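The structure appears right after this line, and notes come after that.
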Amino acid sequence: MGWPRVLYSAALLVLAPLIWRRIRREHALTDSRQTPRELRLGRIPETPPGERMLWLHCASVGEVLAARPLIEALLERYPEYRLTLTTMTATGAERARALAASRDDERLVHRFVPLDFPWAAVRFVERLRPALALFFETELWPNLLHACRRFGVPVAVVNGRLSPRAFRGYRRLRPLMREALACVDWLAAKSSADAERFRALGMAAERIAVVGSLKFDIFWDDGGFEESERLRTRLGERPVWVAGSTHEGEEAALLAAHARLRESHPMPRFKSCPEALLVLVPRHPQRFEAVAALCEQAGMPAARRSRGAWPEAATAVYLGDTMGELLTLYGAADLAFVGGSLVPIGGHNLLEPAALGLPVLTGPALANFAEVAEVLREADALVEVADEAALATALAELFADPAERRRLGEAGRGVVAANRGALARTLEGLARLLPSK
């Protein structure tokens with residue numbers, strides 16, 4: 001073990017009490033009967049002799065959703081393999097289990113990824129015995145990567161991305177990252193800028209390919225379309241906008257913009273929409289209660305989807321306090337605002353509503369999706385607002401202009417269609433790493 005990984009592992013041990021405290025909170029959100037130590041220390045059932053296994057690791061909900069086209073393709077292309085999907089968070093686990101249940105396919109199973117203690121990583125890889133390990137986006141765990149190398153497991157990083165902020169953090173740990181990336185056999189980068197950042201951290205240039213973003217290959221099944229259509233029929237002809245993946249400090253601004261939209265204003269060009277409905281979808285389920293209380297405080301009590309409540313004509317807010325339904329809710333709306341962008345989070349997936357032909361609105365904080373935002377911007381398919389007042393004005397103008405809504409929606413859908421193909425290029429690269437049948 002090189003000295004960077006020795007220091008890293010020692011630091012994990014020092015931080016272990018804080019890590020376990022957070023893990024216990026996460027465990028409280030799951031319905032598993034296993035203890036946190038069983039879940040997080042690699043104590044998984046051993047893969048039976050002769051059974052062939054693939055392993056894909058995603059951090060949380062967003063990554064599981066983005067990886068769905070890849071998951072579907074792997075299961076279809078390699079029917080002789082089972083696929084273990086691991087997540088770090090409990091919310092990601094819920095989404096992964098829901099995906100497995102929707103497929104009714106015993107070949108797809110979920111496990112929690114072990115904490116990156118050396119012995120836990122070794123135990124996990126030794127018991128799982130995957131033929132190929134895939135790490136999604138920026139999930140670079142040094143001890144897990146080294147355990148794969150120890151047991152001869154080929155490793156690929158798929159949809160690889162490094163935001164400028166993440167790169168600055170990793171650059172301070174360059175010796176550790178160089179050692180970790182030496183265990184990666186192939187890295188499928190989202191963009192040339194991401195590829196350059198990985199090279200700057202020590203990844204060999206000949207093992208990097210720029211394939212594009214898997215998020216352009218959005219998976220949307222017929223059941224989702226049907227549910228969106230049913231939902232829209234029940235909502236009627238009223239103006240509907242969705243604010244998806246919102247964060248603390250952002251909902252208050254969105255509610256203020258919505259209140260402004262519904263009120264009359266003596267402003268030129270501002271046409272109020274007193275019947276407008278906001279479908280508010282917080283990013284994290286542990287905040288559902290707090291956001292419901294925030295709606296009450298704003299004088300707009302929310303009808304809550306999780307409780308089967310339905311927005312009446314006078315209801316201003318419909319709270320999407322369920323998991324895994326954001327695309328369905330987007331599909332029932334006229335406009336979409338993508339959260340994490342009015343607060344310094346870095347934004348979330350702008351392509352989901354764009355793929356559905358919705359006009360896409362966002363705040364200014366887009367570090368996590370800078371390349372995607374630029375592509376949409378170049379196609380004049382993105383509406384960017386600085387604050388709640390600008391958002392209210394943009395909403396009012398778009399609701400008053402159906403032709404502009406159609407233009408924005410068609411432009412966004414065209415961007416998604418033109419940039420598909422990362423999935424095929426990723427599968428082509430992975431085929432070179434899988435052992436022959």
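One-based numbering along the sequence shown. Every value quoted in this text rests on a predicted model; they were computed, and no experiment measured them. Heavy atoms only: backbone and side chains are in, while hydrogens, waters and symmetry mates are out.
Between Arg161 and Asp194 there is no salt bridge, since no side-chain N of the basic residue sits under 4.0 Å from a carboxylate O of the acidic one. Of the charged side-chain nitrogens involved, at least one lies within less than 4.0 Å of a carboxylate oxygen, so that Glu227 and Arg305 count as a salt-bridged pair. With respect to the salt-bridge test (charged N to carboxylate O, under 4.0 angstrom), the residues Glu94 and Arg97 do not qualify. Salt bridge status for Glu371 with Lys215: absent, with no side-chain N to carboxylate O gap under 4.0 Å. Salt bridge Arg150/Glu126: absent, no basic N to carboxylate O contact under 4.0 Å.
The closest donor-acceptor contact from the side chain of Arg199 to the backbone of Ala205 lies at 3.5 Å or more, if one exists at all.
The distance from the OG1 atom of Thr89 to the NE2 atom of His284 is 8.0 Å, given to the nearest 0.5 Å. Taken from CG in Leu176 to OH in Tyr8, the straight-line distance is 7.0 Å, to the nearest 0.5 Å. Atoms CD1 and CG, from Ile345 and Asn368 in turn, are 8.5 Å apart once rounded to the nearest 0.5 Å.
The side-chain heavy atoms of Arg77 and Leu434, taken from C-beta on, include no pair separated by under 4.5 Å. Counting only heavy atoms from C-beta outward, the side chains of Pro285 and Phe288 approach each other to under 4.5 Å.
Cation-pi check for Lys190 over Phe369 is met; the charged atom lies under 6.0 angstrom from the ring centroid and within 45 degrees of its normal. Taking the ring axis of Phe216 as reference, the NZ or CZ atom of Arg420 does not stay both within 45° of it and closer than 6.0 Å to the ring centre.
Using the six-membered ring where Trp is involved, His348 and His247 have ring planes that are parallel, under 30° apart on the 30 and 60° scheme.
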